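Below is one structure, written out as structure tokens; comments come after it.
This structure is a prediction, so every number in the text was calculated from the model and none was measured. Numbered from 1 within each chain, the chains take letters A, B, ... in sequence-line order.
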Amino acid sequence: MTHILLRHRDIPDLKNIEVYKKNGGFESLKRAVTAMQPKQIVEEVKASGLRGRGGAGFPTGVKWSFLPDNIWPHYVVCNADESEPGTFKDREIMESNPYQFLEGVAVSCFAVGATEGYIYLRGEYYHIALYLDACIAEMEKRGYLGDKLFGTQTSIRLKTHLGAGAYICGEETALLESLEGKRGQPRLRPPFPAVYGLYGKPTVVNNVETLANLPYIIEHGAAGYRQFGTEKSPGTKIFSLSGNVERPGNYELPLGATFRELIFTHGGGIPNERKIRAIMPAGASSSIIRVDDESFDKVMDTPMDYENVQSVGSLLGSASVIIIDDSHAMDWVINKTIDFFKHESCGKCTPCRDGNYWMLHLTKRIHSGQASENDIKVLDSVAAQMYGKCLCALGDFSTMAVRSAIERFPEDFKVRQA
Amino acid sequence: MLAEQYPDEIKAIFAKYPVKRSAVMPLLYLAQREEGYIQKESMQEIASMLELDVTEVAAVVGFYTMYHDEKAGKYRMQVCTDLPCALRGADKFMESLCENLGIKVGETTPDGLVTLEEVKCLGGCDRAPLFQIQDGDKVAFHENMTVDKTMELVEALKKAQD
């Protein structure tokens, strides 16, 4: 199919502003600012069914409509903190199709009445921040950002901000704390950012991929957008494919494409004549899908959208599909994921801080073959007790792989005989 | 003093935000530029610029992994060993790097050039093994790496020093 988001794969040198312009670039922003009312854009995005691409899948237009009309200023903050193990999609958009992304951020600013937009990038994306700064300067030079856009009274300014290595800052309230110059720890909600966000003002926080969809939606309308994907999950999605697969990388497919299409048609299958043993469709935060001879066809034919991945016991999340072949055991896998979450837990709430500490001890012990049967029970019980009791989703995420691994791969958790 | 060293950059940083405190992260990167770590005096200076207590600045330094408050090698070589990278051999890659550099994870080569560190996901899972090199306030990615390519890079960095 042709790409909506990864258009640079169809159009060479799209990151050159002149090339972007020649290919319809900035027409959507112009149309939004000169010929549409902000509310009209919110309605169009609602009608398009666009859902947040950062992982939660919340309808974007609905999120925008929560901003109150009587508190100003409004802010747009773009979440470019992409840090989920297995996720590398926002990076490709920003590196290779930066103007479409920035046009999308500008459209969202206009839609919610924000004159300032911040792009919060993870610190490791230092090179991308520098690059986006240069792109923003080009747009300002040509009157696509700044004051009096297209001869109207509209002002929109975009700025980048670099994080410094903290996965938790992908959580929207932690991100706002970080942008305010504090430690990146989540806020208690409510109030939600739509009402009390950056500097205590109404704020929209959207993921890079989400915003990169907007120019297309403005140009083709909700109906045009809905020609891709499914009724409940419209549009295309970038799937980041990694792990034991022949051709890892980003693949933009309509939502509802199957695992088979992603892994075999595009990803080239599993190298070294190995078989797939497990799939983590939402990065390290996933419940692990078991793949064996019995379940293979069912899993492979499952459409990857926000609803159907649940039928095989997991979630789509940010669509970071990690493939694990049959040379790996799940006690090793969860030791890896817990090592990650233990490091990234922000320490604010006790269940996540202490839970991950103990889960790391236990997974290490289990993986090294030193565990008793009781250790496995304790691990499952710690995870079960954390779930639903943490301040933000990170705590819940950390338990997903652990519990699903113990339940679905019991053979990997048999206590080894001395 | 940062204020004397980087007056224009500091001005540009403050112009970005309506609230001063937001400048703390970019200012800390600035403070890390020369020596690769943030000295107590810099934290103090940033605190007074932002009308914060120095502990509030130190709390930010301590929270984020890319800020350092201790001196290390000129280049911090930070290898990702998270699950997707590990599935593509990152753990073995790290082991051989240790052997070739003659140091353990967390240690610095005797010439003070490279500190080898293990980090969490860098967002390059399809190009593993990979690492980033943190050099003061700058970061550079090195992807699809082999041990040989890495050792060549280390040699080049060494030559650039001499």
Portion of B:A90 that has a non-hydrogen atom of chain A nearer than 4.5 angstrom
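Contact with chain A is absent: no heavy atom of B:A90 under 4.5 Å.
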Nearest 0.5 angstrom please: A:D339 CG to A:K364 NZ, how far?
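NZ of A:K364 is found 6.5 Å from CG of A:D339.
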Reported CG-to-CD1 distance for the pair A:D133 and A:I128, which is rounded to 0.5 angstrom:
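Answer rounded to 0.5 Å: 12.0 Å.
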Would you confirm whether B:E107, through its side chain, and B:K104, through its main-chain N or O, come within 3.5 Å as a donor-acceptor pair?
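Indeed, once roles are kept as given, a pair shorter than 3.5 Å links the two residues.
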Without swapping roles, check the side chain of A:S345 against the backbone of A:F341 for a donor-acceptor pair under 3.5 Å.
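No; zero donor-acceptor contacts below 3.5 Å.
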With under 30° as parallel and over 60° as perpendicular, where do the rings of B:Y17 and A:Y118 fit, or are they tilted in between?
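The arrangement is parallel - the two ring planes meet at less than 30°.
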Taking the inter-plane angle between the rings of A:W332 and A:H328 on a 0 to 90° scale, is it parallel (under 30°), tilted (30 to 60°) or perpendicular (over 60°)?
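Parallel, since the angle between the ring planes stays under 30°.
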Quick one: which of [options] has the most heavy-atom pairs under 4.5 Å with chain A, could you say?
options                       : answer
B:G62, B:P26, B:P84           : B:P84
B:R127, B:K16, B:E56, B:Q132  : B:K16
B:M25, B:Q134, B:M66, B:K20   : B:M66
B:G124, B:G123, B:A140, B:C80 : B:G123

For the ring pair B:F141 and B:F131, is the centre-to-centre distance below 6.0 Å?
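Between B:F131 and B:F141, which both carry aromatic rings, the centre distance is not below 6.0 Å.
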Do the two ring centres, one from B:Y37 and one from B:Y67, sit under 6.0 Å apart?
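No - the distance between ring centres of B:Y37 and B:Y67 does not fall below the 6.0 Å cut-off.
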Under a 4.5 Å heavy-atom cut-off, does chain B meet the side chain of [X], its backbone, both or neither?
X      : answer
A:L179 : both
A:T160 : both
A:R91  : side chain
A:E344 : side chain
A:N335 : neither
A:C169 : side chain
A:E124 : both
A:T337 : side chain
A:S178 : both
A:Y126 : side chain
A:Y199 : side chain
A:R122 : side chain
A:L130 : neither

Looking only at heavy atoms, which two atoms of [X] and [Y] are closest? And how far apart?
X      : Y      : result
A:R187 : A:K348 : CA-NZ, 4.4 Å
B:A86  : B:D91  : CB-OD2, 3.7 Å
A:F409 : A:I289 : CZ-O, 4.2 Å

Heavy-atom side-chain contact between A:L132 and A:M94 under 4.5 Å:
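A:L132 reaches A:M94 side chain to side chain.
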Greatest number of heavy atom pairs closer than 4.5 Å to chain B - which of [options]:
options                        : answer
A:S320, A:S83, A:G86, A:A166   : A:G86
A:S242, A:A284, A:G184, A:G249 : A:G184
A:G181, A:G163, A:G347         : A:G181

Salt bridge between B:R33 and B:E9, side-chain N to carboxylate O under 4.0 Å?
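Yes.
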